[in-house]
Structure formats: C-alpha cells, structure tokens
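The structure appears below as structure tokens.
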There are 2 protein chains.
Amino acid sequence: MDNKENIKITEQQILEAAQEIFIEKGKDGARMQEIADRAGINKALLHYYFRSKDKLFMNIFKKVMHGLLKQVDQFMDCEDIFGFIEKVVPSYISVLEKNPYLPSFILNEVNRNHEGILNIIQTSDLDKSKLKKILENNIAMGKIIPITLEQLIVDILSLCIFPIAAKPIILGYLFQGNTNSHEEFMKQRADHIIQIMRLALTPKNNIQS
Amino acid sequence: MDNKENIKITEQQILEAAQEIFIEKGKDGARMQEIADRAGINKALLHYYFRSKDKLFMNIFKKVMHGLLKQVDQFMDCEDIFGFIEKVVPSYISVLEKNPYLPSFILNEVNRNHEGILNIIQTSDLDKSKLKKILENNIAMGKIIPITLEQLIVDILSLCIFPIAAKPIILGYLFQGNTNSHEEFMKQRADHIIQIMRLALTPKNNIQS
DNA sequence: GTCTATATGGCGATAGAC
DNA sequence: GTCTATCGCCATATAGAC
C-alpha cells in the first residue's frame with residue numbers, strides 16, 4: 001500500500017532528527033538513542049536504514065556542507081563584486097542566525113580527520129571562474145583595489161561566519177551578557193560588513209558620490 | 001624528599017597531556033585512558049588529581065580561554081588603533097598557526113552549554129576602556145571612520161581566527177588541496193588583514209603618503 | 001602518590017519475532 | 001519495515017594493596 005511512502009517518511013524523519021542532534025551535540029556527543037527518540041522510532045530501525053552511526057553522520061554532514069557551500073555559489077552570477085557582496089552577506093548571516101550551531105559544528109568536524117570528510121569538501125564542484133573573471137575585470141577597470149579571489153572570499157566569510165560561531169564569547173566578553181546590546185550589534189552586522197568591504201575595496205582616488 | 005616536586009611534575013604532565021588531547025579530540029572525543037597514557041601515568045591517578053573528567057576539562061578550558069583573551073589584552077596600550085591592529089594581528093595568527101585546532105575547539109565547546117562555561121568567559125576582567133578611549137579619540141581626530149569598538153574587535157578577530165578554524169575547508173574548497181598555494185595564502189594573510197583594515201578605516205579625504 | 005583490579009553503567013550494534 | 005531483547009564492548013569511576 002503506502003509502504004513506499006512510509007519508507008520515505010521514516011527516512012526523512014530520521015535524517016531531520018539526526019541533523020538536529022548531530023549539529024547540536026557534535027558527532028561524538030550525539031546518541032543514537034536520542035536520534036531515534038526525536039524521529040519517533042526505535043533505535044534498531046536506525047541501523048536498519050543506515051548501517052552505522054558513522055554512515056549516518058557522513059550522510060548528514062555531506063548534505064549540510066554542500067548546502068552551505070551552495071549558499072555562496074548561488075550569488076556568483078552578478079554584475080560586479082559589490083553586487084556579489086551585497087547579496088551574499090545578508091543572505092549568509094540570515095541563514096546562519098536561524099541555525100546558530102551550524103558554523104561551530106562544521107568548523108569542529110572538519111578539523112577532526114574523519115575518514116572521507118576531506119573528500120566531501122573537495123567534491124563540491126563550485127565554478128569560481130565566473131567570479132574570478134568579474135573580480136579581474138573590476139580590478140582592471142580600477143573599480144576595486146588589487147586583491148586575490150581567495151583572500152576576498154575568506155574575508156567575506158570570516159566577517160559573516162565568525163560572529164555567529166563565537167556568539168557566546170562575544171556576548172559574554174564584549175557585552176557582559178547584555179543580550180539587548182548583542183542583538184543590536186548583530187542587527188547592524190550585515191550592513192557593517194558591506195560598508196567595511198566597500199571602503200576597503202574602493203580605491204582612494206575613486207570616491208563614490 | 002622531592003615529593004612536593006613530584007606532585008607538581010605529575011600534575012603538570014597531566015595538565016599538558018589533557019590540554020593536547022582535549023583540544024585535538026574535543027571534550028566528548030577525549031579519553032581518560034589516552035590522557036593518562038600521554039602523561040605517562042595511570043588512569044586511576046587522573047581521578048586522584050582531578051575528581052572527574054568534567055572537572056579536568058573545565059580546568060583546561062578555563063586556562064586556554066583566558067590565555068586566548070589575554071592575547072588581545074596585552075596589545076591594548078598603544079598610541080592609535082593602527083598600532084593596535086599591526087601588533088595584535090600578526091601575533092594572533094602566529095599563535096593560532098602553532099595551535100591549529102585551538103580555534104575550532106574553543107568555538108565548538110562554547111556552543112555546548114556545559115555548566116559554568118559562560119561563567120568562565122565573563123570572568124575574564126578585560127579593561128576595554130583604554131582601547132575605547134583611543135578609538136573615540138582617533139575618530140574625533142578624523143584619523144579613522146566612525147565605528148563601534150565591538151564591531152572593530154569582531155572584525156579583526158574574525159579575519160584572524162576564521163582562516164585557521166576553517167583551514168580544511170579553505171584548503172579543499174578554494175585551493176583544491178594544493179598545500180603550496182594555501183601556505184602562500186596564509187603567509188600573506190596577516191599583511192592582507194592589516195592592509196584591508198587600514199583601507200577600510202582610513203577616511204577617504206585623508207589619503208596617507 | 002601510585003599502582004592493579006574491578007565495579008558500574010551506557011553505547012553501538014545485532015538477533016529474531018511479528 | 002518495525003519492534004523487543006540482548007550481546008559485547010568500552011568508558012568513567014572507585015576500591016584497596018603497596
């Protein structure tokens with residue numbers, strides 16, 4: 001009957017539950033029992049769908065990692081570098097604020113040499129050539145200062161991702177636990193990054209309006 | 001005899017071993033047996049010096065966290081903001097490159113609500129007033145654009161820390177595993193950050209040299 | 001203080017009925 | 001495909017001799 005549908009539903013529920021728990025607790029901290037509970041099924045059924053905790057984790061990690069990288073990819077068809085920055089920065093911050101544990105989870109797991117995790121990162125077939133051409137063009141036209149694509153991308157991602165990953169430190173260390181001040185800080189963060197990058201990239205002899 | 005000295009030596013060896021293993025494997029991934037092995041002692045002795053894994057972990061985390069925050073603190077007596085940036089950026093990157101797992105370890109652990117971890121962060125009694133005064137002074141003199149101290153500090157730390165924490169991603173995703181290119185990238189990173197921040201902070205009508 | 005031996009519990013994984 | 005029951009292991013922690 002609706003057997004096939006049930007399979008999909010169960011598998012989907014497992015994947016959703018596993019993603020939540022893995023991101024929240026990390027691979028080592030996650031418990032198969034807790035994943036089963038949140039998925040509303042039995043622990044044995046987990047091993048029926050995914051043979052082991054390792055396999056389940058890799059499944060989740062691959063999906064999440066590729067999703068995050070695609071988040072950069074989708075804005076690469078743009079007229080100039082500033083257009084790219086203005087689109088990617090608010091989008092990235094918005095996504096990460098809805099998933100606050102995602103950055104530290106990813107950064108943590110990629111630094112433990114799990115088998116095959118490096119392979120997952122390299123498997124993402126991003127086409128940077130488009131953005132690279134735009135960058136070189138912008139530089140040649142004198143619209144922005146000379147900069148390598150790699151430094152630029154790392155700059156942007158750093159400024160977006162670190163504040164989310166380090167939220168407890170920033171909240172405690174810079175704002176003494178004052179959540180209102182921190183919220184205000186984060187509300188201005190995207191605009192601030194765009195402004196900083198615009199100021200940094202714009203040549204001094206090319207003042208805009 | 002040298003009993004007292006032996007105690008200190010043993011405790012020190014435990015602390016060093018525990019710090020290495022916790023940073024490398026995370027709290028959940030670390031094993032008391034492995035810590036004991038690396039310290040050259042017995043597993044039971046760990047529990048004699050530190051009652052539990054939790055207590056040992058908190059001991060380590062506190063030390064490491066305060067050390068990192070102090071790393072910012074020590075450069076705060078400076079004439080102007082650019083002096084601060086030019087000293088803190090190379091120093092921070094240099095320290096973190098020698099301890100590549102440190103950033104992702106810290107970022108990961110602060111996002112799991114271990115009991116008392118927030119307390120540790122707030123306990124660091126940094127005096128930001130000095131730097132704040134310098135910043136406000138620099139802004140009033142028109143040496144740099146208007147910017148809040150919090151956004152500035154987060155900008156600097158982001159640009160320094162993220163590239164270390166995300167090294168496997170940057171290496172795989174931006175450099176396709178080419179370690180030579182990545183090394184070159186990191187060699188230029190400190191100078192790049194200083195340049196970017198100088199360009200961003202310097203008012204457009206105040207061209208230097 | 002330091003060790004060996006053991007208690008105690010929890011976890012991933014499997015067997016087997018339905 | 002889903003469940004209950006259980007195996008086998010390993011981790012933290014303790015007991016007790018030296």
Side-chain angles (χ1 to χ4, degrees), chain A residues 1-62 105 108-109 112-117, chain B residues 1-61 105 108-109 112 114-117:
Chain A
M1 290 304 257
D2 49 10
N3 240 4
K4 267 195 178 172
E5 202 170 321
N6 274 343
I7 295 174
K8 272 200 178 167
I9 288 174
T10 302
E11 189 170 331
Q12 194 57 32
Q13 280 172 333
I14 292 176
L15 287 172
E16 284 171 17
Q19 178 164 333
E20 289 175 21
I21 306 248
F22 273 131
I23 290 176
E24 191 181 333
K25 307 273 179 84
K27 185 192 170 191
D28 292 327
R31 295 289 161 248
M32 296 296 267
Q33 183 63 60
E34 198 178 353
I35 293 174
D37 290 346
R38 187 166 307 190
I41 56 149
N42 188 278
K43 198 173 50 162
L45 209 51
L46 278 182
H47 289 87
Y48 175 79
Y49 278 89
F50 307 85
R51 287 180 19 133
S52 69
K53 189 184 180 182
D54 265 341
K55 293 233 171 52
L56 177 57
F57 172 78
M58 277 307 170
N59 197 307
I60 299 292
F61 182 83
K62 191 173 184 175
F105 165 73
N108 188 49
E109 301 297 344
R112 324 225 172 285
N113 331 29
H114 302 141
E115 182 143 0
I117 216 166
Chain B
M1 288 304 256
D2 50 9
N3 238 4
K4 265 196 179 172
E5 200 170 320
N6 275 342
I7 294 176
K8 271 201 179 168
I9 287 174
T10 302
E11 188 170 332
Q12 193 57 31
Q13 280 172 333
I14 292 176
L15 286 172
E16 283 171 17
Q19 177 165 333
E20 288 175 21
I21 304 236
F22 273 131
I23 290 176
E24 191 181 334
K25 306 272 178 86
K27 185 193 170 192
D28 292 327
R31 296 287 161 251
M32 296 295 267
Q33 182 64 60
E34 199 178 352
I35 293 174
D37 289 346
R38 187 166 306 191
I41 55 148
N42 188 278
K43 203 173 44 163
L45 209 51
L46 279 182
H47 289 88
Y48 175 79
Y49 278 89
F50 306 85
R51 287 183 14 137
S52 68
K53 189 185 180 183
D54 264 342
K55 294 234 171 53
L56 178 56
F57 172 78
M58 277 307 170
N59 197 306
I60 300 291
F61 182 83
F105 165 73
N108 188 49
E109 302 297 345
R112 324 226 172 284
H114 302 139
E115 182 142 0
I117 216 165

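Naming convention: chains lettered A, B, ... in sequence-line order (proteins, then strands); numbering from 1 in each chain. Model, not experiment: these values are computed from the prediction.
- We find the CG-CG distance between A:D28 and A:N108 to be 8.5 Å, quoted to the nearest 0.5 Å.
- B:R51 places its CZ atom 10 Å from the P atom of D:dA13, with the value rounded to the nearest Å.
- Sorted by residue number, the list of members of residues 22-39 of chain A with any non-hydrogen atom under 4.0 Å from DNA chain D is empty.
- Phosphate contact (OP1/OP2 of C:dA13, side-chain N/O of A:H47, threshold under 4.0 Å): present.
- Within the structure, a side-chain polar atom (N or O) of A:T10 is placed less than 4.0 Å from OP1 or OP2 of D:dT2.
- With sequence neighbours left out, the side chain to side chain contact (heavy atoms under 4.5 Å, CB included) criterion links B:K27 to B:F22, B:D54, B:F57, B:E109, B:H114.
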Problem - Test side chain to side chain contact (heavy atoms under 4.5 Å, CB included) applied to B:M32 and B:H47, step by step - result: CA-CA 9 Å; B:M32 296 295 267; B:H47 289 88; 3.8 Å; yes

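- Contacts between residues 52-60 of chain A and DNA chain C, defined by a heavy-atom separation below 4.0 Å, involve A:S52, A:K53, listed by number.
- The shortest side-chain heavy-atom distance between A:L15 and A:Q19 does not fall under the 4.5 Å cut-off.
- Between A:Y48 and C:dA13 there is no side-chain polar atom (N or O) within less than 4.0 angstrom of OP1 or OP2.
- Counting to the nearest Å, the C1' atom of C:dC3 and the CG atom of B:L45 are 8 Å from each other.
- In terms of heavy atoms, B:F50 sits closest to B:N59 at CE2-ND2, 3.5 Å.
- Rounded to an integer number of Å, the gap from A:F50 CZ to C:dT14 P is 15 Å.
- What you find for B:I60 and B:A18 is that their closest heavy atoms are CD1-CB, 3.8 Å.
- Sorted by first then second residue, the salt bridge (Lys or Arg N to Asp or Glu O under 4.0 Å) pairs that include residues 29-50 of chain B, not counting sequence neighbours, are B:E20-B:R38, B:K25-B:E34.
- Applying the side-chain hydrogen bond (donor to acceptor under 3.5 Å, both in side chains) test to B:K53 and every residue at least two apart in sequence or in another chain returns nothing.
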Strictly under 3.5 Å: I want the nitrogen or oxygen pairs between protein and nucleotides 4-6 of chain D, one per line.
| from | atom 1 | to | atom 2 | distance (Å) |
| --- | --- | --- | --- | --- |
| D:dT4 | OP2 | A:N42 | ND2 | 3.1 |

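- Of all non-hydrogen atoms in B:A17 and B:I35, the two that sit nearest each other are CB-O, 3.7 Å.
- With rounding to the nearest 0.5 angstrom, the CD1 atom of A:I41 is 12.0 Å from the OH atom of A:Y48.
- If you take CD1 of B:I41 and P of C:dT4, they are 12 Å apart, rounded to a whole angstrom.
- Across the protein-nucleic acid pair, A:Y49 atom OH and D:dC3 atom C1' stand 13 Å apart, rounded to whole Å.
- Rounded to 10°, the angle separating the first-five-pair axis and the last-five-pair axis of the helix from C:dG1-D:dC18 to C:dC18-D:dG1 equals 10°.
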